[in-house]
Enquirer: 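Here it is, the structure, as structure tokens.
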Amino acid sequence: MTKFGELISVAKPVLIDFYTNWNDRETTIDTLRNVAAALGNNAKVIKIDIEKNEILAEALHIKENPTFMIYKNGEMLWRQTGHKDAKNLIETVLEYV
């Protein structure tokens, strides 16, 4: 939990994809690579495995996967469950740059 706090307490937006290995599509990995490449240094893009971080997932009430969240300065600004394409994720993150 301490490390998570450090990850989200930065001045630029942090897009987090909460996922599980058994339900992660290859396209999600490619989508996040495209998002990270498009955003460059304007934001961070992170994947967090729900099964390896059960306490965090419970604390954030993550019930479905994938669940995307955007944090900035330690505050959650956006949350969405379900698969999203790269274009939509990029546009959403850029709203918080």
Enquirer: With sequence neighbours left out, write down each residue that passes side-chain contact (heavy atoms from CB on, under 4.5 Å) with Glu51, or none if nothing qualifies.
Expert: Thr20, Trp22, Asp49
Enquirer: Walk me through it: do Val10 and Asn73 pass the test side chain to side chain contact (heavy atoms under 4.5 Å, CB included)?
Expert: CA-CA 5 Å; Val10 294; Asn73 295 318; over 6 Å; no
Enquirer: Do Arg79 and Thr67 have side chains that get closer than 4.5 Å, going by heavy atoms?
Expert: yes
Enquirer: Which heavy atom of Phe68 sits nearest to which heavy atom of Leu32, and what is that distance?
Expert: CE2-CD2, 4.2 Å
Enquirer: Taking ring pair (Phe, Tyr, Trp, His ring centres under 6.0 Å) as the test, write out the residues that go with Tyr71, two or more places apart.
Expert: Phe4
Enquirer: Is there any salt bridge (Lys or Arg N to Asp or Glu O under 4.0 Å) pair reaching into residues 63-72, and which pairs are they, with sequence neighbours excluded?
Expert: none
Enquirer: Sub-3.5 Å donor-acceptor pair from the side chain of Lys12 to the main-chain atoms of Asn41, do we have one?
Expert: yes
Enquirer: Distance from Ile50 atom CD1 to Ile62 atom CD1, nearest 0.5 Å?
Expert: 5.5 Å
Enquirer: Give the C-alpha distance, both sets of side-chain angles, the deciding distance and a yes or no for side chain to side chain contact (heavy atoms under 4.5 Å, CB included) between Lys3 and Leu56.
Expert: CA-CA 11 Å; Lys3 188 170 184 169; Leu56 177 61; over 6 Å; no
Enquirer: Just to verify, what does Ala43 make a side-chain contact (heavy atoms from CB on, under 4.5 Å) with, not counting sequence neighbours?
Expert: Pro13, Leu39, Val93
Enquirer: Nearest 0.5 Å, what's the CD-CG distance between Glu58 and Asn53?
Expert: 11.5 Å
Enquirer: For Asn65 versus Phe18, what's the shortest heavy-atom pair and its separation?
Expert: CB-O, 4.0 Å
Enquirer: So, Asp85 side chain and Asn88 main chain: donor-acceptor pair closer than 3.5 Å or not?
Expert: yes
Enquirer: Does the side chain of Ile70 reach to within under 4.5 Å of the side chain of Thr92, using non-hydrogen atoms?
Expert: yes
Enquirer: Taking all atoms of both residues into account, what is the closest heavy-atom pair of Ala38 and Ile90, and its distance?
Expert: CB-CD1, 3.4 Å
Enquirer: With sequence neighbours left out, write down each residue that passes side-chain contact (heavy atoms from CB on, under 4.5 Å) with Gln80, or none if nothing qualifies.
Expert: Trp78, Lys84
Enquirer: Side chain to side chain contact (heavy atoms under 4.5 Å, CB included) for Ile8 and Ile16? Distances and angles first, verdict last.
Expert: CA-CA 9 Å; Ile8 64 171; Ile16 304 172; 3.9 Å; yes
Enquirer: I want to check something: taking the side chain as every heavy atom from C-beta on, are Thr31 and Asp17 in contact at a cut-off of under 4.5 Å?
Expert: no
Enquirer: Just grab all the salt bridge (Lys or Arg N to Asp or Glu O under 4.0 Å) pairs involving residues 87-97, residues at least two apart or on different chains.
Expert: Lys87-Glu91
